[in-house]
Amino acid sequence: MHGDSLHGDGGKKDRLNFVEQEIEKDLQSPKLVGKTFISRFPPEPNGYLHIGHAKSICLNFGLAKSYGGRCNLRFDDTNPSKEEQEYVDSIQNDVRWLGFEWDELHYASDYFEQLYDWAVQLIKAGKAYVCDLTSEQTREYRGTLTVPGKNSPFRDRSVEENLTLFEEMRAGKYPNGARTLRAKIDMAAPNVNLRDPVMYRILHAHHHRTGDKWCIYPMYDWAHGQSDSIETITHSICTLEFEDHRPLYDWFCNELGIYHPRQIEFARLNLSYTVMSKRKLLQLVTEKHVSGWDDPRMPTISGLRRRGYTPESIRLFCEKIGVARFYSTIDMGVLESSVREHLNAVANRVMAVMNPLPITITNYPEDQVELMEAVNNPEDASAGTRQIPFSRNLLIERDDFMENAPKKFFRLTVGAEVRLRYGYIIRCDEVVKNAAGEIVELRCTYDPETRSGAETATATRKVKGTIHWVSAQHAIDAEVRLYDRLCMNENPEDVPAGKTFLDNLNPDNLKVVTAKVEPALKTAKAGDRFQFERTGYFCVDPDTTADKLVFNRTVSLKDSWAKEMSKT
RNA sequence: UGCCGGGUGGUGUAAUGGUAACACUACUGAUUUUGGUUCAGUCAUUCAUGGUUCGAGUCCAUGCCCGGUAGCCA
C-alpha cells in the first residue's frame, strides 16, 4: 500500500497517538490477546467524502495495517431519505484513490433483519416499548439538560401489546411518525441519550438498496454498535461528538449479550480558510459558488484530486496532523506543504509563461533555432532530460522585468544581465513602449559564450538571476486556472451578526489566464502533474481536449521574493 | 444550569514522575542556472493557585477558560 512510518519496517513508530496506546493495551488484555485487530470506516452515503473523512480513513485503515489486522468499509445507510447510490459509488472510488482497500464491504441495511430480531428480543425482555408520542411530545417528555425527563404514558405497555404493535409498524399499518420503538432505560438519566432513546422510526421511503421492503428504519444508535458487533470490530473509532453516545452503545451490546466492541473517540479535523460541514459544502454547490463537488477549491477528496493533490500528499498530511482528543484547527499551510513536499520529489519541471512580455534577442540570427537540453527533475535523475527550442523571439514573465528596479531585484532591468534558464545570459538594451506608455517589447542581446551546458569558465559565469521563458514561435497556448484558498479568513465561520461564511469567500479564489507553455506539453494528459518552474505546481484538468490544454494550479511555490516585496 | 471531554510556542502533535521533542509557519545565514529544493541556526519554564514528591507538563485539590450534548439525522 504505502510506506508509512508507523511500523513501516516491522519496527514501531517512536510516538504513538492516544488511540494506538489504547489499542496496544487492549491487544494485551485477556479479552483480546491473540485476537486480530479489526476496524471499519463507516460513512453515511449522503454526500461526497472530504479531507476530514481522509483523516478517519487513514486512521482506521492505517491502524489495521500497523497491527496486522483488517478494516471494513461499511455504509451506514439507515436513513433512506438522504442517501443515494451516487454517493456510495463516489465514496468507494475515493477510498481506493487514497490508496486503501477494504477487507469486507458491508451495509448497515444488510443487518436490518437481524436488528429487527434483536429489537424483538429486547421487547420480550421488557427493555423496549412502542411509544405513541409525537416527535414534539417526545421532546417535551425528554426534559432538558438540567431538568430530568418524565416517563412516556406508553412506557408500561405489556410485552404482548408491544410485540403486536411493533409487528404492525413493520407491516406498514401506521403512517410516518405515528409510533416509535424506544429502549426502556431511564428518563431521569443525566446523559440525555439514555432517556429512552428511539430505536426505530416509521419512514415510508424508498431505500437505495432495500427498496420498499422496509417502512421502519433503525436509528444510528440502534444500528451502529450492533453492526460493529456483527463484524466483530475490535475498535470502533469515531469522532468526539459521539462520546455521549458511548454509554448507549455499551448498554445495547450488554442487554443483547452480544460481542462488545470498544468505541474510541477522536477530534474531527478542522482546516483554516475553508469549511467542512456537508451542509455548507452542499450549499456551495447548489448556489453555484463552485462548479461542483469536485471543484478544485472544495476540500472534498474529489476536489483535491482535481486540484492536483496526490494520495501520497493527503496521507502525509494525515500523518503530520496526528490524532488527539483536543478540538483544534489545522492551518491550511500544513496541507499545502504536504503536497509541495511530494510534488517536489515527483513532478517534472516545465517552463510556462503566465503573463507574457515579448523580447527580441537582436544579435541572435533571424532563422536560427537551437534545441536546449533541460533537466526534467533535479530531484530525480531518472526523470531524464528534454529539448526546448530557443530562438530570436522569446516570451518572458512580465513580473520578471522592472524599469526602475529596487536594489534587491535580481531579474531583468535595463542594462542588467540575467540568465535564461537552460539558455543564454542576456542583457536588456532597450524598452519599447506603445502610445499609451505600456511596455510592449524588450530588445536584448545575448552572450553567445554562455550557452547552457557548456563547461567553460565563460559559459558558467554567474549572474544574479535566472528567469524562465518560452520561444514565441514554438510555444503553445494553455488555459491556466489559478486557484487560491476558498475563503479569505482563517475561520470563515467567524462572522458578524447577519453575515454567513459565504461573505467570507475569497473573491480571488480563481483567476483564469491564457499562458504560453513549452511545446513538450502538447502531449500532456488529464491528471498529469508538473512544476511550472519558479511558479508552482499544476495539473492537467479533465476539461482538456485535443485542441485546448487546461491546467489547474495545485499550489504555488514558496515565494520569498513576493514575501520580501510585501514587507514594504 | 446537568452530564461528558479538553487546555503544552503563531499552529498542530509528542514527552507514560527524571534534560519540554518533532512538524508547519516566521526570521537569520550558507548552497543553488528555479528568490524552488537542500543544509545550519533562532523562536515555550506547559491556563492559574495550592498540595504530594529528592524531582510534576505528567499525580491530587480548587478555580478559570474552551468544546460537545436536549433529531423520529448520522
Side-chain angles (χ1 to χ4, degrees), chain A residues 14-17 21 42-44 46 76 78-79 81-83 131 133-136 138-139 142-149 176-182 189-195 197-203 216-217 219-221 223-224 238-247 265 267 272 278 319-331 333-338 340-341 344-345 349 351 374-375 378-379 408-411 418-423 425 450 452-453 460 462-468 490 531-536 556-565:
Chain A
D14 41 343
R15 276 201 281 274
L16 297 182
N17 63 48
Q21 292 175 18
E44 181 189 13
N46 68 343
D76 228 332
T78 57
N79 185 0
S81 61
K82 296 168 106 181
E83 297 151 8
C131 180
L133 255 27
T134 64
S135 56
E136 294 74 32
T138 305
R139 191 186 335 116
R142 184 159 37 229
T144 69
L145 294 178
T146 50
V147 179
N176 289 355
R179 299 183 206 270
T180 57
L181 182 74
R182 302 175 67 179
N191 179 343
V192 194
N193 291 118
L194 264 16
R195 322 240 259 231
V198 172
M199 295 162 62
Y200 277 97
R201 76 283 213 178
I202 298 172
L203 214 55
I216 57 171
Y217 289 92
M219 298 289 290
Y220 166 87
D221 288 303
H224 202 93
C238 62
T239 48
L240 242 26
E241 64 268 28
F242 292 104
E243 200 173 354
D244 289 342
H245 293 245
R246 192 175 59 226
E265 311 86 13
S272 62
K278 270 182 191 166
E319 213 171 281
K320 282 183 182 181
I321 61 176
V323 178
R325 291 179 68 83
F326 178 61
Y327 187 89
S328 63
T329 299
I330 309 290
D331 195 280
V334 180
L335 219 209
E336 292 169 348
S337 81
S338 300
R340 283 195 192 102
E341 184 174 334
N344 177 54
R349 269 111 248 233
M351 294 203 282
V375 173
E379 307 292 320
K408 287 198 277 186
F409 187 77
F410 301 150
R411 307 175 187 184
V418 79
R419 154 79 63 183
L420 291 176
R421 181 99 160 132
Y422 299 122
I425 290 174
T450 58
S452 219
T460 57
K462 308 286 184 218
V463 287
K464 207 59 173 158
T466 299
I467 65 174
H468 61 277
E490 222 170 289
Q531 181 196 102
F532 288 0
E533 293 230 19
R534 303 205 307 133
T535 309
S556 63
L557 246 34
K558 277 202 219 166
D559 189 347
S560 49
W561 170 243
K563 205 176 287 170
E564 180 73 28
M565 291 298 278

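The chains referred to below are lettered A, B, ... by the order of the sequence lines, with proteins before strands, and numbering in each begins at 1.
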With sequence neighbours left out, what residues match [X] under salt bridge (charged side-chain N to carboxylate O under 4.0 Å, His left out)?
X	result
A/Arg411	A/Asp400
A/Glu241	A/Arg268
A/Glu341	A/Lys320
A/Lys462	none

Give me syn or anti for B/G50, where syn covers glycosidic angles within 90 degrees of 0.
anti
Contact class for A/Phe326 vs. all strands (heavy atom < 4.0 Å): base, sugar-phosphate, or nothing?
sugar-phosphate
Just to be sure I understand the rule, does A/Gln21 reach a base, reach only the sugar-phosphate, or reach nothing, if contact means heavy atoms closer than 4.0 Å?
base
Take nucleotides 68-74 of chain B nucleotide by nucleotide from the 5' end and write B, S or -, depending on whether a protein heavy atom sits under 4.0 Å from the base, only from the sugar-phosphate, or from neither.
BBBSBBB
Report, as a single string ordered 5' to 3', how protein heavy atoms within less than 4.0 Å touch nucleotides 19-34 of chain B: B base, S sugar-phosphate only, - not at all.
---SSSSSSS----BB
What interatomic distance, in whole Å, is found between [atom1] of [M] and the corresponding atom of [N]?
N	M	atom1	answer
B/G9	B/G63	C1'	25 Å
B/A48	B/G57	P	11 Å
B/U11	B/A26	P	15 Å

Is there side-chain contact between A/Arg142 and A/Pro197, with at least one heavy-atom pair below 4.5 Å?
no
Measuring only between side-chain heavy atoms, which start at C-beta, is A/Glu490 closer than 4.5 Å to A/Thr329?
no
Atom pairs under 3.5 Å, N or O on each side, protein against nucleotides 39-43 of chain B: can you list them with distances?
none

Identify, with sequence neighbours excluded, every residue that meets ring-ring contact (aromatic ring centres under 6.0 Å, His included) alongside [X].
X	result
A/His468	none
A/Phe409	A/Trp561
A/Tyr422	none

Can you give the dot-bracket line for RNA chain B, using ( ) for pairs inside the strand, [ ] for pairs that cross earlier ones, | for pairs with another strand and . for unpaired bases, where Watson-Crick and G-U count if both distances are under 3.5 Å?
.((((((..((((....[..)))).(((((.......)))))....(((((..]....))))))))))).....
Just by distance, do the side chain of A/Arg195 and the backbone of A/Ala189 share a donor-acceptor pair under 3.5 Å?
yes
Without swapping roles, check the side chain of A/Asn191 against the backbone of A/Asp244 for a donor-acceptor pair under 3.5 Å.
yes
For A/Thr450, all residues meeting side-chain contact (heavy atoms from CB on, under 4.5 Å), sequence neighbours excluded:
A/Arg419, A/Tyr424, A/Ile425, A/Asp447, A/Arg461
d(CD1, A/Ile321; C1', B/U11) in whole Å:
13 Å
Assign each of A/Val323 and A/Phe409 to its nearest nucleotide of RNA chain B by heavy atoms, then name whichever residue's nucleotide is nearer the 5' end.
A/Val323
Quick one: which of A/Thr180, A/Ile216, A/Leu181 gives a side chain to side chain contact (heavy atoms under 4.5 Å, CB included) with A/Ile202?
A/Ile216
